[in-house]
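Single-structure report; data block below.
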Amino acid sequence: MIDMLTAAVSPLLETEGLPALPPSSVELVIPKTPEHGDYATNVAMSLSRHLKRKPRDIASEVVKRLPVADSILAKVDIAGPGFINLFVKPDAWHRILMEINQHPDGFGRGTIGNGKRVQVEFVSANPTGPLHIGHGRGAATGDVMANILEACGFDVQREYYINDAGNQMDTLGASLYYRYQELLGEKIDFPDNHYRGEYMKELAVTFREEAGDQYLRKPLQEVLPMFTKFAADSILGGIREDLAVFGVSFDEWFSERSLHEQDAVTTTITALRTAGHVYDSEGATWFRSTTFGDEKDRVVIRANGVSTYFAADLAYHKNKYDRGFDTVIDIWGADHHGYVPRMMAGVEALGRKRTDLHVILIQLVNLLRGGKPVAMSTRAGEFVTLREVIDEVGKDAARYIFLTRRSDSPLDFDLDVAKMQSNENPVYYVQYAHARLSSVFEVAQERGIVCGWLQGGEPPDLSPLRSAQEAALMRLLGEYPQLLTNCARNYEPHLIPYYLHELVSTFHSYYNQNRILGEDVDISQARLYLATAVRNVIGNALAILGVHAPEKM
RNA sequence: GCGCCUGUAGCUCAGUUGGAUAGAGCAACGGACUUCUAAUCCGUGGGUCAGGGGUUCGAAUCCCUUCAGGCGCGCCA
């Protein structure tokens, strides 16, 4: 459709001596009211400024060049200030159905990625405690973003960055050490700035089971590395397990420590120094991030000779690009937003474009129960873990709810609503439609109705699909590929739940008013074919969300 | 003090990147199961798009400003 319009408009532009249209300026919109056609475009109006002509005149020029006669267009109108309204022949909708049902898994898969290599780095929680609910939102967003990019033809890698360097690791090891001593009856004044969560006590019990009492009263310095390793390994193991239960897996678990071990931090700083982006001052080494728009320069090596976390992050991002990724997506908590400008500056200093890095910020999750906030105190080490949430409401509901908001706006997550098997819960609404559709085919089979296309046979005669409701349904189905492209281009996975809701609601309405398995064989066949397509697209979209599409509920 | 984000129906939020009469869900009220799943559907009410100014054919969307809320501003990670 877009190609056709562009083809009609371009010659007009050439005669006026103007450059060809950028593709984005020919936009097809689905109007709100049916009188405005199946599609509409505002090209005429956006051109009017360049051409210095009235929009309606341009519109009629464009319309004259549209190949109405032998195309999928039934009618073209000019309306309002210069909208071009396009009415599509039913055949066009039928073609969409065939496209879907002949390649159910391929439908919606696009090629805009063109095999470009993209890395999505997400969760990356410090291995100092179990994942909490906020990490869950990041996990769902990252995983689905990766699914979307894959569907759009990108070559995607999922990575978890393990912050296993720095003094927080020593703190972790010491925390375990103190809990262990406590367990063996020592009187310990547990230090304030250490990890005091309940999980640390449990870890001490496990440690004792494996190591016995041999470390009782041993000096901390002597045994710390072992305690640190044990704690980090166990906690990371738990994180992996929780993520697996949540349906999230990674291609690569990248250790921060490995960067230090390869001297990557030093190498990166040297490279930046050679390029003139690093200087010494006040005994420290600085990265001149102000060159690239940051508000002040940043220390990379402190006066005491120790490199900063940011220095490691520079090395890490250099490493990512060295591994051949064209684009890198980082998913961070929104409280890190102040960190974005310096990271962008770093990326540019490393010789990449700003657009080679995209940071998705994840806002807070407010956990509610029955509309009331669940008290969470990180200071006391008490928080609701991701695992507890999954165990209570299930993976599907959790994933879906995490994705029903734009990631940069805060999310209220009500445990009671997520569990509710009712219309208050958006997950069931969508899943129910899939189950309902599945059930139709089951009944069809019981009645001996043959759906040949399901076994690779020809589609039935689709001409009975003529009603406005059917057209609306088919148009929505046809929108799905465009939706995925939008999600990928704007890094916005939340559009999928909204799309699904609209598709499913249109279907439920249709289902209530029309009998799919009716008296008339031809109508039944055509409607079953439509139902097949609806089920395919719902299943497809749910698969991208990582939410189960049930046959029965 | 500076910076980023947010402000849309009673509540929670969308709004296709500047388009036509601003949309959903929940909550409220009234209806629909002898039928392929009522976890559904149909209908009703509900708005100064935080306020003000500007840009233009056209603004919830872009610019300026005021107000309100959240977050961030370390040689921490």
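Excluded from the calculations below are hydrogen atoms, water molecules and symmetry mates; all remaining heavy atoms, backbone and side chain alike, are included. In what follows, chains are A, B, ... by sequence order, proteins preceding strands, each numbered from 1.
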> Does C71(B) have a Watson-Crick or wobble mate here (both distances under 3.5 Å), and if so which one?
Replying inline: G3(B)
>> By the salt bridge (Lys or Arg N to Asp or Glu O under 4.0 Å) test, which pairs, at least two apart or in different chains, include something from residues 162-171 of chain A?
In response: Asp164(A)-Arg257(A)
>> Once side chain to side chain contact (heavy atoms under 4.5 Å, CB included) is applied, do any residues pair with Val347(A), and if so which ones, sequence neighbours excluded?
In response: Tyr321(A), Arg352(A), Leu357(A)
> Regarding Tyr316(A) and Glu256(A), is there a side-chain donor-to-acceptor distance under 3.5 Å anywhere?
Replying inline: no
> Between Asn425(A) (CG) and A27(B) (P), how many Å, whole number?
Replying inline: 12 Å
> Who pairs with Lys320(A) by salt bridge (Lys or Arg N to Asp or Glu O under 4.0 Å), at least two apart in sequence or on another chain?
Replying inline: Glu121(A), Asp330(A)
> For Tyr432(A), which contact category applies under a 4.0 Å heavy-atom criterion: base, sugar-phosphate, or nothing?
Replying inline: base
> Residues in side-chain hydrogen bond (donor to acceptor under 3.5 Å, both in side chains) with Asp313(A), at least two apart?
Replying inline: Tyr339(A)
Protein-nucleotides 73-77 of chain B N/O pairs under 3.5 Å:
unit_1: C75(B); atom_1: O2; unit_2: Ala303(A); atom_2: N; d: 2.9
unit_1: C75(B); atom_1: N4; unit_2: Glu282(A); atom_2: O; d: 3.0
unit_1: C76(B); atom_1: OP2; unit_2: Arg302(A); atom_2: NE; d: 3.0
unit_1: A77(B); atom_1: OP1; unit_2: Arg302(A); atom_2: NH1; d: 3.3
unit_1: A77(B); atom_1: OP1; unit_2: Arg302(A); atom_2: NH2; d: 2.5
unit_1: A77(B); atom_1: OP2; unit_2: Tyr309(A); atom_2: N; d: 3.2
unit_1: A77(B); atom_1: O2'; unit_2: Gln168(A); atom_2: OE1; d: 3.3
unit_1: A77(B); atom_1: O2'; unit_2: Gln168(A); atom_2: NE2; d: 3.2

>> By the side-chain hydrogen bond (donor to acceptor under 3.5 Å, both in side chains) test, which pairs, at least two apart or in different chains, include something from residues 289-303 of chain A?
In response: Tyr279(A)-Asp297(A), Ser289(A)-Asp294(A), Thr290(A)-Asp297(A), Asp294(A)-Arg298(A)
> To the nearest angstrom, how far is Tyr429(A) atom OH from A38(B) atom P?
Replying inline: 13 Å
> For Asn163(A) and Gln168(A), what are the C-alpha separation, side-chain angles and deciding distance, and is it a side-chain hydrogen bond (donor to acceptor under 3.5 Å, both in side chains)?
Replying inline: CA-CA 9 Å; Asn163(A) 295 121; Gln168(A) 58 169 356; 5.3 Å; no
>> Looking at A60(B), which nucleotide sits across from it as a Watson-Crick or G-U wobble partner, both distances under 3.5 angstrom, or is there none?
In response: none
> Whole-Å distance between A39(B) P and Lys552(A) NZ?
Replying inline: 15 Å
> Just checking Phe441(A): base, sugar-phosphate only, or nothing, at a heavy-atom cut-off of under 4.0 Å?
Replying inline: nothing
> With a 4.0 Å cut-off on heavy atoms, is Asn85(A) in touch with a base, just the backbone sugar-phosphate, or nothing at all?
Replying inline: base
Could you go through residues 529-538 of chain A and list every donor-acceptor pair under 3.5 Å that involves a side-chain atom there, pairing it with any protein atom two or more places apart or in another chain?
unit_1: Thr532(A); atom_1: OG1; unit_2: Trp453(A); atom_2: NE1; d: 3.0
unit_1: Thr532(A); atom_1: OG1; unit_2: Leu528(A); atom_2: O; d: 2.7
unit_1: Arg535(A); atom_1: NH1; unit_2: Ser438(A); atom_2: OG; d: 3.2
unit_1: Asn536(A); atom_1: ND2; unit_2: Asn101(A); atom_2: OD1; d: 3.1
unit_1: Asn536(A); atom_1: ND2; unit_2: Thr532(A); atom_2: O; d: 3.2

>> Measure CG/Leu361(A) against P/G72(B) and give the value in whole Å, please.
In response: 13 Å
> Quick one: does Thr128(A)'s side chain have a donor or acceptor within less than 3.5 Å of a partner on Leu172(A)'s backbone?
Replying inline: no
> How far, in whole Å, is C41(B) from G25(B) if one measures between their P atoms?
Replying inline: 8 Å
> Toward the 5' end of RNA chain B, which comes first, Arg436(A) or His501(A), by nearest nucleotide?
Replying inline: His501(A)
>> Suppose we screen for salt bridge (Lys or Arg N to Asp or Glu O under 4.0 Å). Which residues come up paired with Glu159(A), at least two apart in sequence or across chains?
In response: Arg323(A)
> According to the interplanar angle, ranging from 0 to 90°, do the rings of Tyr511(A) and Phe507(A) count as parallel (below 30°), tilted (30 to 60°) or perpendicular (above 60°)?
Replying inline: tilted
> Distance between the P atoms of G45(B) and A20(B), in whole angstroms?
Replying inline: 22 Å
Pairs under 3.5 Å (N/O, protein and nucleotides 7-12 of chain B):
unit_1: U12(B); atom_1: O2'; unit_2: Arg405(A); atom_2: NH2; d: 2.5

> Expressed as a whole number of Å, how far does the C1' atom of U56(B) sit from that of G18(B)?
Replying inline: 10 Å
Pairs: protein N or O with nucleotides 42-47 of chain B N or O, under 3.5 Å:
unit_1: C42(B); atom_1: OP1; unit_2: Ser509(A); atom_2: OG; d: 2.9

> Which whole-number value in Å describes the distance from Ile84(A) CD1 to A20(B) P?
Replying inline: 16 Å
>> Please classify the nucleic acid contact of His508(A) as base, sugar-phosphate, or nothing, using heavy-atom distances under 4.0 Å.
In response: sugar-phosphate
> His337(A) NE2 to C2(B) P: how many Å, rounded?
Replying inline: 16 Å
> May His494(A) be described as stacking on the base of A14(B), applying a 5.5 Å centroid limit and a 30° limit on plane angle?
Replying inline: no
>> If the condition is side-chain hydrogen bond (donor to acceptor under 3.5 Å, both in side chains), which residues does Arg354(A) pass it with, not counting sequence neighbours?
In response: Glu348(A)
>> Could you tell me how far apart Asp414(A) (CG) and C26(B) (C1') are, to the nearest whole angstrom?
In response: 11 Å
> Hey, is U17(B) sitting syn or anti, using the within-90° cutoff around 0?
Replying inline: syn
>> Over all strands shown, is Glu551(A) touching base, sugar-phosphate only, or nothing at heavy-atom distances under 4.0 angstrom?
In response: base
> When you check the glycosidic angle of C42(B), does it come out syn, meaning within 90° of 0, or anti?
Replying inline: anti
> To the nearest angstrom, how far is Tyr499(A) atom OH from U16(B) atom C1'?
Replying inline: 13 Å
>> If I pick the C1' atom on G54(B) and the same atom on G70(B), what distance separates them, to the nearest angstrom?
In response: 28 Å
> Checking all strands, does Asp294(A) fall into the base, sugar-phosphate, or nothing category for heavy-atom contacts under 4.0 angstrom?
Replying inline: nothing
> Taking the nucleotide of RNA chain B with the closest heavy atom to each, which residue, Asp408(A) or Asn490(A), is nearer the 5' end?
Replying inline: Asp408(A)
> OP1, OP2 of A14(B) versus side-chain N and O of Ser409(A): anything below 4.0 Å?
Replying inline: yes
>> If the condition is salt bridge (Lys or Arg N to Asp or Glu O under 4.0 Å), which residues does Asp77(A) pass it with, not counting sequence neighbours?
In response: Lys75(A)
>> OP1 or OP2 of U16(B) versus the side-chain N and O atoms of Tyr480(A): is any pair under 4.0 Å?
In response: no
